[in-house]
Amino acid sequence: MLVESGSIVTNDILSDDVRCMVIQVPSIAAEAEPGQFVMVKNENGGTFLRRPFGIADVDREQGRILLIYRVAGKGTQELAGLEPTMELSVEGPLGGGFRFESDGLEAGGRTLLIGGGVGVAPMIYTARRLAELEPANKPVFLLGIRNEGELFWQDYLKDFTEEIIVTTNDGSAGIKGFAIDAMPEILSRYDIRHIKICGPTIMMEGLAKLAMEQGIECQVSLEKRMACGVGVCLGCTFEGMISGKRWKICHDGPVFPAEEVFEK
Amino acid sequence: MLVESGSIVTNDILSDDVRCMVIQVPSIAAEAEPGQFVMVKNENGGTFLRRPFGIADVDREQGRILLIYRVAGKGTQELAGLEPTMELSVEGPLGGGFRFESDGLEAGGRTLLIGGGVGVAPMIYTARRLAELEPANKPVFLLGIRNEGELFWQDYLKDFTEEIIVTTNDGSAGIKGFAIDAMPEILSRYDIRHIKICGPTIMMEGLAKLAMEQGIECQVSLEKRMACGVGVCLGCTFEGMISGKRWKICHDGPVFPAEEVFEK
Amino acid sequence: MNFERLATDFAGIKMKTPVMGASGTFGFGIEYKDFLNLGDVGAIISKGLTPLPRSGNNGVRVAETPGGMLNCIGLENPGIDVFLRDILPKVRQEAPDTAFIANFSAGTVEDYGMMAAKLDVDGVDGVEVNISCPNVKEGGIVFGTDPRAAAAVTEAVKKNTKKPVIVKLSPNVTDITVMAKAVEEAGADAIALINTLTGMVIDIRTRRPLLGNITGGLSGPAVKPIAVRMVWQVAQAVKIPILGLGGITCGEDAVEFLLAGASAVAVGAENFVHPDAVVRVAEDIDAYLEAVGLKHVSELVGQVRI
Amino acid sequence: MNFERLATDFAGIKMKTPVMGASGTFGFGIEYKDFLNLGDVGAIISKGLTPLPRSGNNGVRVAETPGGMLNCIGLENPGIDVFLRDILPKVRQEAPDTAFIANFSAGTVEDYGMMAAKLDVDGVDGVEVNISCPNVKEGGIVFGTDPRAAAAVTEAVKKNTKKPVIVKLSPNVTDITVMAKAVEEAGADAIALINTLTGMVIDIRTRRPLLGNITGGLSGPAVKPIAVRMVWQVAQAVKIPILGLGGITCGEDAVEFLLAGASAVAVGAENFVHPDAVVRVAEDIDAYLEAVGLKHVSELVGQVRI
Ligand SMILES: Cc1cc2nc3c(=O)[nH]c(=O)nc-3n(C[C@H](O)[C@H](O)[C@H](O)COP(=O)(O)OP(=O)(O)OC[C@H]3O[C@@H](n4cnc5c(N)ncnc54)[C@H](O)[C@@H]3O)c2cc1C
Ligand SMILES: Cc1cc2nc3c(=O)[nH]c(=O)nc-3n(C[C@H](O)[C@H](O)[C@H](O)COP(=O)(O)OP(=O)(O)OC[C@H]3O[C@@H](n4cnc5c(N)ncnc54)[C@H](O)[C@@H]3O)c2cc1C
Ligand SMILES: Cc1cc2nc3c(=O)[nH]c(=O)nc-3n(C[C@H](O)[C@H](O)[C@H](O)COP(=O)(O)O)c2cc1C
Ligand SMILES: Cc1cc2nc3c(=O)[nH]c(=O)nc-3n(C[C@H](O)[C@H](O)[C@H](O)COP(=O)(O)O)c2cc1C
Ligand code: FES
Ligand code: FES
């Protein structure tokens with residue numbers, strides 16, 4: 001956990017409103033685990049607070065991390081305007097990341113990764129890690145996107161996944177509907193033992209409930225507006241469903257067991 | 001007088017803290033006269049107000065203006081960080097500029113231009129204009145700078161001037177002292193009929209008094225913190241010494257007759 | 001711009017759009033004619049006028065601060081008489097169809113009344129009473145922070161004019177609704193808020209206050225959350241219409257004020273940065289109305305859902 | 001860093017530097033131990049403690065605004081008892097030599113007294129009394145805007161502790177010097193200012209307040225000119241030392257507060273942006289002292305030349 005001045009390597013357009021940025025931050029890259037995030041700040045820009053982004057992928061050899069971000073407001077607009085060689089202040093890696101449990105996987109069980117919208121970003125690195133941990137038993141990926149314009153995610157995922165099942169809101173690619181609509185088929189075709197999700201709360205809620213009903217171990221990655229990212233401002237807390245504890249998403253998460261977040 | 005989005009052509013280092021920027025702003029370049037200024041704003045930056053800069057030179061054919069600026073605070077620091085092809089919002093040309101009077105020049109009389117510090121900037125374009133108006137009777141230039149590190153101004157001035165007399169505070173080039181210390185010699189060698197000055201107030205005051213004593217027509221270019229640059233905020237007003245009028249430096253100036261600014 | 005959607009009657013002042021140029025940041029309007037079509041401006045609010053000409057404060061008068069600026073102009077203006085004789089006719093010639101609101105202040109209740117009477121002339125569509133200027137030593141601050149004094153000024157002004165009277169409140173108070181209710185009760189036709197917040201910058205090189213007047217008025221985007229909060233509070237406390245301002249730079253900012261309860265808005269310091277701001281903000285509001293399918297800007301007023 | 005030049009005794013609290021981490025923005029200090037040397041921190045001011053645990057407000061709790069931020073955390077904290085049992089010992093272990101100031105608030109004068117008594121223990125070097133939290137419905141605002149209530153709280157706290165008592169004022173008042181004098185008279189050992197200004201943001205897409213609590217507290221660089229002004233005003237009105245804060249991001253900002261009359265400063269929201277800010281600001285002050293040839297930071301206090 002440190003603040004590192006990073007040099008922007010690339011900052012490219014993936015779709016209308018999604019960009020990908022590679023940043024040279026060797027110390028952070030050396031530590032970053034799947035599911036962790038960074039807080040970035042353009043020191044020459046007009047915004048005050050840092051902005052949080054999931055670590056989409058890591059190249060430890062080159063000392064680089066990948067961010068994939070949607071242009072949502074002033075801060076991300078400014079990010080989109082930065083050019084290679086410019087500097088960006090990066091704080092991280094923050095939070096704890098996903099827990100990897102292997103029970104059930106020896107016997108042909110699978111991990112299902114689910115990403116919705118820009119929530120797919122941290123799932124890339126997560127998929128890579130799973131594929132590295134068990135090359136013979138790569139995760140299945142359920143990709144919930146708005147339309148075919150967002151199929152670029154597949155390019156990042158294909159090497160690390162057994163199969164990518166796509167749902168689009170408008171049916172322009174894959175199954176028409178929401179991610180959850182693909183679940184019956186996935187559960188019938190695979191022996192899913194673990195589910196890890198990052199996406200909009202409403203999407204995660206439905207999927208997590210389904211997982212809990214089916215008794216599948218499920219972790220969700222939460223998001224809330226953050227000011228500090230390190231557990232001091234208390235902007236991002238919530239009350240654990242089971243423990244009753246006040247959790248800080250930035251510090252204790254962003255990944256939590258589904259049971260601690262959503263009612264069964 | 002308009003707001004034009006300009007593309008930065010070059011943004012180079014002239015010394016420790018002085019930069020020169022060429023901006024593509026054809027509409028402003030087409031109108032700009034010597035002594036006028038612009039107010040610039042980096043729309044992606046962190047400062048709120050525009051910043052005023054004298055128009056150091058104009059290339060009407062190419063539709064470009066030159067600014068020469070000292071890195072003084074946050075706004076100019078941000079400017080210094082901009083790279084070619086980036087956009088800058090430019091408002092101008094503002095103010096009225098220098099008045100060119102030719103009386104006394106037929107008979108071998110000269111115009112003396114005086115620039116101190118970054119106040120030299122608008123005098124470059126002024127010198128160019130004078131040299132164009134009367135190629136056979138180029139202005140004499142008195143350049144008051146801190147030290148030899150600021151001799152770069154000569155490169156901009158040499159084509160448009162009969163002679164450049166340099167004073168430096170530390171004596172590292174030219175005459176050691178302030179600009180005014182060179183005046184006796186200049187007045188003895190040239191028949192100076194008009195003086196135009198831009199520099200720190202304290203410098204202009206001494207020089208303007210001398211000019212008034214000697215009965216030489218003298219114009220000074222004033223500076224004051226500006227918010228609007230167009231005469232609405234009243235941040236930059238002063239009371240005319242002779243007229244008693246409330247002048248707006250941005251709108252009625254920045255150039256004024258010496259008598260209206262300094263007591264005799 | 002769809003003027004049908006934007007046309008606003010603010011306390012009896014008819015405007016093509018609900019967006020005005022704020023006092024002290026828009027001159028007399030005509031200074032900006034190179035940058036925008038004065039006919040597209042909702043209303044011009046004049047620089048603050050006073051009984052006699054004023055030359056304002058010495059020293060530095062404007063300074064940038066994070067997300068905004070400080071000013072201590074000190075109400076420099078040519079005085080009411082020169083205004084009526086020389087400036088008003090010019091304004092009416094250059095902007096014949098644009099609402100013109102005269103902003104003014106004075107040092108005594110009587111002089112406020114006198115100013116109102118002098119401004120009760122053709123060509124002035126309404127008056128805005130500045131009771132809150134924080135950087136003029138002999139006036140302003142007293143009226144703007146004391147509900148009784150504010151009410152007295154309001155009454156004196158109302159007694160001396162048939163024009164709609166907007167009273168402009170100071171944000172430098174503990175409870176803005178107390179002030180708002182006081183001037184409403186005293187007869188104000190509308191309330192404008194906010195004027196500037198008192199601030200100070202020290203130049204650490206000279207170890208002196210940067211501004212000639214030691215303190216100055218803070219405005220610009222930095223103050224917007226305070227202004228929106230006050231508009232929202234006042235909208236619940238009074239029935240008269242509100243002119244909302246403080247840090248507006250774009251249509252989205254303006255819509256925030258409208259939702260909070262303002263019936264019209266004014267653009268202040270942003271004019272200095274983008275001299276077409278008053279018209280651009282109106283265009284942006286229009287685009288928002290189009291996007292969300294509303295027929296008239298009034299449908300937004302006070303519609304924040306709590 | 002030259003600690004000789006920076007060592008500060010603030011109302012009896014001994015600190016290595018005059019720069020503290022502000023309440024609510026510095027956790028209990030230990031959260032930042034990866035980013036800075038806790039031993040180089042002037043003082044840690046704790047997150048605001050209350051008699052019982054609080055879970056704070058629902059919904060969005062932090063939002064960026066131009067040049068600053070709004071928060072409506074709602075004083076989430078584990079309560080005084082858990083603090084004393086679990087947290088204080090950890091702090092004393094991780095930062096044995098750093099001054100630790102406990103910030104707290106309560107809903108009644110009696111509870112303020114009770115909190116003070118509970119905090120009168122080893123390991124706590126002073127208390128900071130929050131009478132100004134603007135976003136907690138059942139407390140705060142009443143005390144912070146009424147000089148009599150503020151005095152009553154101050155007295156109750158003083159009666160129950162031997163620690164230096166810093167009373168932290170709310171800027172949401174008409175005249176900050178009235179509040180300052182009231183708490184000085186009631187026995188406060190020092191005054192901290194400013195707490196946050198009340199602000200509001202409306203999300204124009206949902207047409208709802210962005211913050212869960214409707215309004216929130218504005219802080220960050222945007223408020224700095226207001227804070228400097230208030231410190232300057234209060235410095236002329238009282239004799240007890242002042243802890244200045246509000247928008248400090250760098251040493252130059254801190255020097256402004258010192259010149260205005262603060263004997264020490266605290267860094268708030270800037271900690272979120274640069275987690276080493278408290279130490280960096282101290283280093284910057286030291287560099288400034290070096291550059292201008294001063295022997296001790298106290299030589300700057302109140303030295304603005306008017
Ligand atoms: C742990 C974490 C990881 C994230 N990872 C990614 C990622 O990998 N890719 C990505 O595109 N986005 C990610 N986000 C969201 C991203 O932080 C916001 O989109 C960004 O901060 C918006 O900044 P802005 O200035 O452009 O928008 P603003 O002008 O601040 O707001 C515009 C919109 O963004 C939303 N927003 C603002 N701040 C946040 C925030 N802190 N969290 C969530 N939404 C916010 C607002 O609700 C609003 O709709 C993540 C957020 C968190 C908390
Ligand atoms: C009509 C006019 C023409 C100018 N032409 C030039 C020029 O050609 N080249 C050049 O380098 N500078 C010029 N200046 C000065 C230039 O505008 C300031 O240096 C600049 O605005 C500083 O901005 P900043 O954000 O970097 O500094 P800030 O952080 O705002 O202030 C840093 C320093 O700059 C000074 N300063 C700030 N604003 C102004 C201002 N409006 N006028 C004068 N000083 C100011 C302050 O006194 C302070 O010492 C001109 C100013 C005016 C009014
Ligand atoms: C330079 C300047 C001069 C001002 N002069 C006046 C004035 O004469 N009368 C008045 O009522 N308000 C005056 N104001 C206040 C503005 O009208 C407005 O209330 C305030 O600036 C907040 O709006 P803003 O944040 O959009 O600038 C002035 C503001 C500025 C910046
Ligand atoms: C997220 C957040 C939480 C805060 N919590 C407290 C608190 O619990 N008690 C308190 O007295 N002040 C609290 N404050 C106010 C700060 O201590 C400080 O007074 C204010 O933020 C101004 O300083 P700044 O502009 O440097 O942030 C909080 C501020 C923020 C931003
Ligand atoms: S973002 Fe500050 S505690 Fe989580
Ligand atoms: S800078 Fe606004 S009037 Fe001159």
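These numbers were taken from a predicted model, which means no experiment stands behind them. Residue numbers begin at 1 in each chain, while the letters A, B, ... track the order of the sequences.
Of the two parts of C/Pro78, neither the backbone nor the side chain holds a non-hydrogen atom closer than 4.5 Å to a non-hydrogen atom of chain B. For chain B, the nearby parts of C/Ala269 are the backbone and the side chain; heavy atoms of each come within less than 4.5 Å. Looking at C/Phe28, there are no atoms closer than 4.5 Å to chain B (heavy atoms on both sides), in backbone or side chain. Interface remark: C/Ile30 contributes no atoms to any contact with chain B (heavy atom separation under 4.5 Å). Residue B/Met39 does not touch chain C at all, counting heavy-atom pairs closer than 4.5 Å.
Atoms CE and SG, on C/Met69 and B/Cys228 in that order, are 9.0 Å from each other to the nearest 0.5 Å. Atoms OG and CZ, from C/Ser55 and B/Phe238 in turn, are 13.0 Å apart once rounded to the nearest 0.5 Å. From C/Glu76, atom CD reaches atom NZ of B/Lys248 across 8.0 Å, with rounding to the nearest 0.5 Å.
Within a 6.0 Å sphere centred on CD of C/Glu252, heavy atoms belonging to other residues, nucleotides or ligands number 12 at most. Residue C/Asn58 qualifies as open at atom CG: its count of foreign heavy atoms under 6.0 Å is 12 or below. With a 6.0 Å radius and a threshold of 12 heavy atoms from other residues, nucleotides or ligands, B/Phe178 has its CZ atom at or below the threshold. The environment of B/Ile202 atom CD1 is sparse: at most 12 non-hydrogen atoms of other residues, nucleotides or ligands sit within 6.0 angstrom.
Checked by atom type and distance alone, the side chain of C/Glu64 never pairs as donor or acceptor with a backbone atom of B/Thr47 at under 3.5 Å. Of the possible donor and acceptor atoms, none in the side chain of C/Glu31 sits under 3.5 Å from a partner among the backbone N and O of B/Val232. In terms of modelled atom types and a separation under 3.5 Å, the side chain of B/Arg225 and the main chain of C/Val62 share no donor-acceptor contact.
Between chain B and the options C/Pro221, C/Ala63, C/Pro66, C/Pro53, the largest number of non-hydrogen pairs under 4.5 Å is found for C/Pro221. Note on B/Val3, B/Leu2, B/Leu234: by heavy-atom pairs under 4.5 Å with chain C, the leading option is B/Leu234. Comparing B/Arg50, B/Lys41, B/Lys224 by heavy-atom pairs within less than 4.5 Å of chain C, the highest count is held by B/Arg50. In terms of heavy-atom pairs under 4.5 angstrom with chain B, the leader among C/Lys47, C/His274, C/Glu270 is C/His274. Ranking B/Glu239, B/Met1, B/Arg246 against chain C, the residue ahead of the rest is B/Arg246, based on heavy-atom pairs under 4.5 Å.
Taking all atoms of both residues into account, the shortest heavy-atom contact from B/Cys233 to C/Phe272 is CB-CZ, 3.4 Å.
The shortest side-chain heavy-atom distance between B/Glu91 and C/Phe35 falls under the 4.5 Å cut-off.
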